[in-house]
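Notes to accompany the following structure.
Every chain is numbered from 1 and lettered A, B, ... according to where its sequence line falls, protein lines coming before strand lines.
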There are 2 protein chains.
Amino acid sequence: MTATEPPRRPPTAQEFVLAELRRSIVTGELRPGEQIRQEALAERLGTSRVPLREALKILEGEGQVAYHPHRGYFVAELSSADLVEVYRIRRLLEDEAVAAALPLLTDEDLAALQDAVEAIEQADAIADIPAMTRANRSFHFLLIDSVGMPRLTRLIRQLWDATDAYRSMYFVEPENREQVRREHREILAAVTARDLPRTLELLHAHQDHAVERVSRVLGH
Amino acid sequence: MTATEPPRRPPTAQEFVLAELRRSIVTGELRPGEQIRQEALAERLGTSRVPLREALKILEGEGQVAYHPHRGYFVAELSSADLVEVYRIRRLLEDEAVAAALPLLTDEDLAALQDAVEAIEQADAIADIPAMTRANRSFHFLLIDSVGMPRLTRLIRQLWDATDAYRSMYFVEPENREQVRREHREILAAVTARDLPRTLELLHAHQDHAVERVSRVLGH
DNA sequence: CATCCGGATATTGTATCCAATCCATGCCCC
DNA sequence: GGGGCATGGATTGGATACAATATCCGGATG
């Protein structure tokens, strides 16, 4: 779980809108570079523009959307250079997080990781891209959540969000899913053995492959 | 300068409000933990609540304020553990940025750093805390801006923002200002010599001292 | 033929009003 | 006297109406 306490309260309109926006961006329903038409989108979501705008402001603060005053909000777009930068920063932060987390993982954590790997394989089997994206995230965040550094986790999450749309794109191809699936099994083995150097080595290869694949997507 | 192009257009109300909020948080005018009363604050700023709320949403996305639905916004508060975490992440990111930037610094950059150091000393001389805070930031960001990694710079800026209020507090004491002033001179010398190990060593010491001082402030 | 200048139109930005929720106070009941 | 509950006031959340700004297009002008 990602440090969100379960709100027993009915969600506010703006919470709903924010979740919906995130989903739309991740799935590529709202495409990178696309302008967000407030009135049309608000109507489609069944609210007024006010909650929509406030949700957009959060995403602006997180860098998920670009804002041009008096012109509007645009889904953030990644250049190749941006992509390389995102992964470079991710490596810095995730290495630290994993190194700190590895000795702290409990048996329950390992079991949860095992479950996540199986979820990935199931999603792969039925070619359910969104489920695959979710399970993939879930695996990697389980790995680092236990370190108890909420800000670090938050930053890493922001970086993931920035590339999720592209990740969804390459999950479409079965051979990419197959590779991701295999790599997670290997990472899990290294983690279970508490072998930090090996874990990092595998994670780095995992990331490098992701950069390659996304680069291909970016180059059409 | 932190990559903000000069907007030739009259600022919108919400841009003004956002800048004002940031300033108030940095200077401690709005104190950590304090609830932000929207109506009163909006009136004081001469706008309606709408631009204020949108500005608050950005700060929420950046983690500068905490939001509790139906209860309000509160200026973010740092525990000792948070403080240590922030500096730990900063070190990761800034080391990378400085290492990448050091070989790229131009003579103009070095001159600008020189100017920043002098601005720090002037601010110290007349005990102008906000100016000192600004000059301090300016020095450190000049050091990393030239690396041309906008996302990295952005993340580092967020981390700085999180602790600016506390930094302002310890700048009140002359001996702290004196130490900061001296350390910047030393860092500048190492940077000018393009001596990366020495630069990092000095920066680490600089950060460690900051953690110590802020910890004292936190412990009242 | 290219360029510059309005003005119409679409879209965003802000103010105001009302509804929903929370919190404190005081009452009643146990 | 203490704890639960209703009620009033304060505060936030959301909808609507209006103002400000940008964009697009047609026409005048060099």
Side-chain angles (χ1 to χ4, degrees), chain A residues 4-22 24-25 29-77, chain B residues 4-22 24-25 29-77:
Chain A
T4 52
E5 89 241 357
R8 295 270 182 279
R9 171 183 40 71
T12 65
Q14 115 188 188
E15 285 169 332
F16 167 72
V17 168
L18 180 59
E20 199 58 21
L21 277 176
R22 284 193 201 284
S24 300
I25 292 175
E29 199 171 310
L30 288 173
R31 295 223 288 234
E34 180 178 348
Q35 176 168 13
I36 292 171
R37 255 37 179 285
Q38 297 176 10
E39 189 154 323
L41 185 53
E43 189 185 14
R44 201 169 70 68
L45 296 175
T47 71
S48 79
R49 279 172 53 220
V50 175
L52 172 59
R53 288 174 58 96
E54 300 200 344
L56 284 169
K57 284 291 171 196
I58 292 189
L59 295 175
E60 179 190 352
E62 292 178 358
Q64 293 289 108
V65 302
Y67 168 62
H68 302 279
H70 299 295
R71 301 213 6 250
Y73 296 86
F74 300 80
V75 179
E77 209 165 3
Chain B
T4 53
E5 91 240 359
R8 296 270 181 280
R9 176 183 35 73
T12 65
Q14 98 187 206
E15 285 169 331
F16 167 73
V17 168
L18 179 59
E20 197 59 21
L21 276 176
R22 284 193 201 283
S24 300
I25 292 175
E29 199 171 310
L30 287 172
R31 296 222 289 232
E34 180 178 348
Q35 176 168 11
I36 292 171
R37 259 28 181 292
Q38 297 177 8
E39 189 155 325
L41 185 53
E43 189 184 16
R44 201 168 69 69
L45 295 175
T47 70
S48 78
R49 279 172 53 219
V50 175
L52 171 59
R53 283 172 53 183
E54 300 201 346
L56 285 169
K57 283 292 168 194
I58 292 188
L59 296 175
E60 179 190 351
E62 291 179 359
Q64 293 288 109
V65 301
Y67 169 62
H68 304 278
H70 299 293
R71 300 207 14 243
Y73 296 86
F74 299 79
V75 178
E77 210 164 2

Report the residues that fulfil side-chain hydrogen bond (donor to acceptor under 3.5 Å, both in side chains) with Glu60(B), sequence neighbours left out, ordered by chain and then residue number. Lys57(B)
Counting only side-chain nitrogens and oxygens, does Gln14(A) get under 4.0 Å of the OP1 or OP2 atom of dG13(D)? no
Using a 4.0 Å cut-off on heavy atoms, which residues in residues 60-67 of chain B reach DNA chain C? List them by number, or say none. none
At what distance, to the nearest 0.5 angstrom, does OH of Tyr73(B) lie from CG of Leu30(B)? 14.5 Å
Any non-hydrogen side-chain atom of Leu56(A) less than 4.5 Å from a side-chain atom of Val17(A)? no
Spacing between Glu15(B) atom CD and dA20(D) atom C1', to the nearest angstrom: 14 Å
Closest heavy-atom pair, Gln14(A) versus Glu54(A), reported as atoms and distance to 0.1 Å, is NE2-OE1, 3.0 Å
In residues 30-38 of chain B, what residues come within less than 4.0 Å of DNA chain C, judged by heavy atoms? none
Residues in salt bridge (Lys or Arg N to Asp or Glu O under 4.0 Å) with Glu62(B), at least two apart? Arg22(B), Arg157(B)
Please output the side-chain donor-acceptor pairs of residues 39-49 of chain B that fall under 3.5 Å, not counting sequence neighbours, one pair per line with the distance.
from     : atom 1 : to       : atom 2 : distance (Å)
Ser48(B) : OG     : Val50(B) : N      : 3.3
Arg49(B) : NE     : Gln38(B) : OE1    : 3.1
Arg49(B) : NH2    : Gln38(B) : OE1    : 3.1

To the nearest 0.5 Å, how far apart are CD1 in Ile36(A) and CG in Leu21(A)? 6.0 Å
Where is the tightest heavy-atom contact between Val75(B) and Arg31(B), given as atom of each residue plus distance? CB-O, 3.5 Å
Could you give all pairs that pass the salt bridge (Lys or Arg N to Asp or Glu O under 4.0 Å) test and reach residues 67-77 of chain A, with sequence neighbours left out? none
Residues from residues 40-56 of chain B sitting under 4.0 Å of DNA chain D, heavy atoms only? Arg49(B), Arg53(B)
Sequence neighbours left out, what passes side-chain hydrogen bond (donor to acceptor under 3.5 Å, both in side chains) with Glu20(B)? Give chain and number order. Arg23(B)
What's the separation between atom CD in Glu34(A) and atom CZ in Phe74(A), rounded to the nearest 0.5 Å? 10.5 Å
Expressed as a whole number of angstroms, how long is the span from Glu39(A):CD to dA22(D):C1'? 16 Å
Atom-to-atom span, CZ of Arg71(B) to C1' of dC22(C) - whole angstrom: 9 Å
Rounded to 10 degrees, the angle between the two terminal axes of the helix from dC1(C)-dG30(D) to dC30(C)-dG1(D), each from five pairs: 10°
Can you list the residues that meet the ring pair (Phe, Tyr, Trp, His ring centres under 6.0 Å) rule with Phe16(B), with sequence neighbours excluded? none
For Ala76(B) versus Gly63(B), what's the shortest heavy-atom pair and its separation? CB-O, 3.7 Å
